[in-house]
Peer 1: 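The structure under discussion is supplied below as structure tokens; questions concerning it will follow.
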Amino acid sequence: MGSWRRSCYCADVSSAQNGQTLILMGWVQRRRDHGGLIFVDLRDRSGLVQLVFNPEASNEVHDKAHDIRNEFVLAVKGIVQKRPEGTENPNLKTGQVEVAVAELRVLNDAATLPFMIEDETDVAEMTRLKYRYLDLRRAPLQNKLILRHKVAMATRNYLTENGFLEIETPVLTKSTPEGARDYLVPSRVNPGQFYALPQSPQLFKQILMISGFDRYFQIVKCFRDEDLRADRQPEFTQIDAEMSFVDREDVMKMMEGLVVRIFREGLGLDLNPPFPRLTYAEAVGRFGVDNPDVRFGLELKDLTEMLKGSGFKVFNDAAAKGGVIKAVCVKGGAGFSRKDLDDLTEIAVSFGAKGLAWVKITEEGWQSPIAKFLTDVERQDIATILEASTGDLLLFAADKPSIANTVLGRLRLNIGNRLGLIPKEGFNFVWVTEFPMLDYDDAEKRYVAVHHPFTAPMDEDLEKLDTDTLKVRAKAYDLVLNGSEIGGGSIRIHRSDVQAKVFEKLGIKLEEAQERFGFLLEALKYGTPPHGGIAFGLDRIMAIMTGSESIRDVIAFPKTQKATDVMSDAPSTVDQKQLDEIFIRIAVPKKAEAPAKA
RNA sequence: GGGGCCGUAGUUAAGUCGGUUAUAACGCUGGCCUGUCAAGCCAGAGGGCGCGGGUUCGAGUCCCGUCGGCCCCGCCA
């Protein structure tokens, strides 16, 4: 490009510069060769501007333009001119003008691309990921990453203005037994020992509170070696924050302010806090899940009291075993086909139900495999509670509460989608509070922390820790956006005796607690302020803000479902020498052995 | 660990009940063309059907296995 320096971005060219000579640089979006005139759309991250090569102006430049191909990198010097009347392009920001090229420098050529750089694409995601640098040339992806930057800046600005300090925490940390599977990193200097990549900076941010930093935040990578989903990557980014001398209300209020700021600076939208709240019990009771999508109805109703003595054995047995009988009413759902009902049954079974009882209320009465087990009075009562009328479909789940709620909660979402009940536009926030502190893991036969082991119990529930363990509620809160959990946090335990007690309830022996979390227990002794915080999943927030199906679309270099990077081909085998240095011997069973890469 | 969907030119897809030389569009190459912007018109090149095995006179089509992608259950404090 020699001494040339560009005057502005492509999309910044406007009629205000009419007659001026500009230098532009960018990629060739498309060449339209009329034999005489040649048009080239020049693209950079700002957008497009049309270049014109006219043989009457310069034969030499026009000849050079003939060899231009898609994605060549060009530098041009030319004069901004208004397009001739009738040739303006209203679809382009720069559509009123064009640049008549006087000098052309081809900075680089480009091989024929595996796919076109276009806003709309139906190229397989695998191909797009392999050539991620090309996929990232597409405006939709560029815009998503630009918005992500704006959100990060809004976060830094807001939290900084509110006295938070951005402090880095280690990436090579200590493995802890609770929670997700750790990514491990061998220590060459300490043979046979391993670091773990952080699942979150949880312990470090608490330690920073103990150190007196008072308010901390970080936009930070976290790592969890678990199976992937559309909204889960093995490495993901959290907006992580912690505050001292606060209770739940203080944290939630501060973070509502953050979310408001993010949406204002990111999308120009004004949210109106405070966001509505549901307790965990309400959320699960009415919506079946702890991340309720409250944008539509179809709420769950409890029929246990009413039907526990009914003539239907499935209902009776469930109730007798301490389970619940719940139902939803699908307005107008009586038109569902046999196949629809089979689909719904399949979903119910996949979430642990033994089957799905349904009733169609038709002009001819109750059409249902279970109708014959219910009396007229019972039918009347069910219809009243479910506010059901002719043309509706009723779906029942009778099981232990966790299964009945999950099944109906998932059916609710499926049906909401199926019937188009969920508004496509808009951002609906809800806090979910008062989570149970502990859950019982049947497989491991022990209590596990619902949030994490450092979450404080609610003061009034503290004494129930031994007597009514599962009833103890935590000072925890999740923020749910359009039915996705986008953040969660809690007030932490700040007393070492309470922390030790919780470890005990979790079945972590004193020695193990000392071994794994000893530094925290020790630190808690030396004057720990009451503190609490939250972490937001930045990727999930960005996916919802940009209307993306998967968080892969808001991550520059995401991984596939098998946790590989198809562009760089990570992970891969390493030299024996590298293994020797860290004292690692490979013992992969034959079947799981990595196949030779082609 | 399990369930579902999908692998055919560079890309996106079609390919019937197994049957000649595997189609199309876009892209690509060449030519024509001075107001296009998904430019247009004409001509052309390009794959042996993810991979391996099997059945068959014959397999892109059937069977078995395997690899990969996506969605989901489990898992993810």
Peer 1: Is the phosphate of C76(B), meaning OP1 or OP2, less than 4.0 Å from a side-chain N or O of Gln199(A)?
Peer 2: no
Peer 1: What are the residues of residues 59-70 of chain A, sorted by number, that bring a heavy atom to within less than 4.0 Å of RNA chain B?
Peer 2: Arg69(A), Asn70(A)
Peer 1: Reckon Glu85(A) touches a base, only the sugar-phosphate, or nothing at all at heavy-atom distances under 4.0 Å?
Peer 2: nothing
Peer 1: Nearest-Å distance, CG (Asp478(A)) to C1' (C76(B))?
Peer 2: 14 Å
Peer 1: How would you label the contact of Phe115(A) with the nucleic acid (heavy atoms, under 4.0 Å): base, sugar-phosphate, or nothing?
Peer 2: nothing
Peer 1: Could you go over nucleotides 40-49 of chain B and give all protein N or O partners under 3.5 Å, atom names and distances?
Peer 2:
none

Peer 1: Using the C1' atom on both, measure C41(B) against C33(B) and round to a whole Å.
Peer 2: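 My reading of the C1' atoms in C41(B) and C33(B) gives 8 Å.
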Peer 1: Please work out if Arg552(A) contacts a base, only the sugar-phosphate, or nothing of the nucleic acid, heavy-atom cut-off 4.0 Å.
Peer 2: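 Sugar-phosphate: the residue Arg552(A), judged by heavy atoms under 4.0 Å, touches backbone atoms but no base.
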Peer 1: Any side-chain N or O of Lys562(A) less than 4.0 Å from the OP1 or OP2 oxygen of G68(B)?
Peer 2: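 For Lys562(A), the contact criterion (side-chain N or O under 4.0 Å from OP1 or OP2 of G68(B)) is met.
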Peer 1: Reckon Arg83(A) touches a base, only the sugar-phosphate, or nothing at all at heavy-atom distances under 4.0 Å?
Peer 2: base
Peer 1: Starting at CD of Gln50(A) and ending at C1' of C37(B), how long is that distance when rounded to a whole Å?
Peer 2: 6 Å
Peer 1: Whole angstroms only, please: what is the CE-C1' distance between Met116(A) and G27(B)?
Peer 2: 6 Å
Peer 1: Across all strands, who's sitting opposite U16(B) as a Watson-Crick or G-U wobble pair, both distances under 3.5 Å?
Peer 2: none
Peer 1: How many Å lie between CG on Asn414(A) and P on C71(B), as a whole number?
Peer 2: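 Computing the Asn414(A):CG to C71(B):P distance gives 17 Å.
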Peer 1: Base, sugar-phosphate alone, or nothing: which one does Ser490(A) contact when heavy atoms must sit under 4.0 Å apart?
Peer 2: nothing
Peer 1: Have a look at Val448(A) and say if it touches a base, only the backbone sugar-phosphate, or nothing, with a 4.0 Å heavy-atom cut-off.
Peer 2: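 Nothing, no nucleic acid heavy atom in range.
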Peer 1: Between U8(B) and C51(B), how many Å separate the two P atoms, rounded to a whole number?
Peer 2: 10 Å
Peer 1: Toward the 5' end of RNA chain B, which comes first, Thr560(A) or Val123(A), by nearest nucleotide?
Peer 2: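 By nearest-heavy-atom nucleotide position, the 5'-most residue is Val123(A).
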Peer 1: What is the distance, rounded to the nearest whole Å, between atom CG of Asp565(A) and atom P of G69(B)?
Peer 2: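 Between P of G69(B) and CG of Asp565(A): 11 Å.
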Peer 1: Rounded to whole Å, please give me the gap between CZ in Arg32(A) and P in G27(B).
Peer 2: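 Interatomic distance, CZ of Arg32(A) to P of G27(B): 13 Å.
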Peer 1: What contact category does Thr121(A) fall into here, base, sugar-phosphate, or nothing, at under 4.0 angstrom with non-hydrogen atoms?
Peer 2: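 Nothing, no heavy atom under 4.0 Å.
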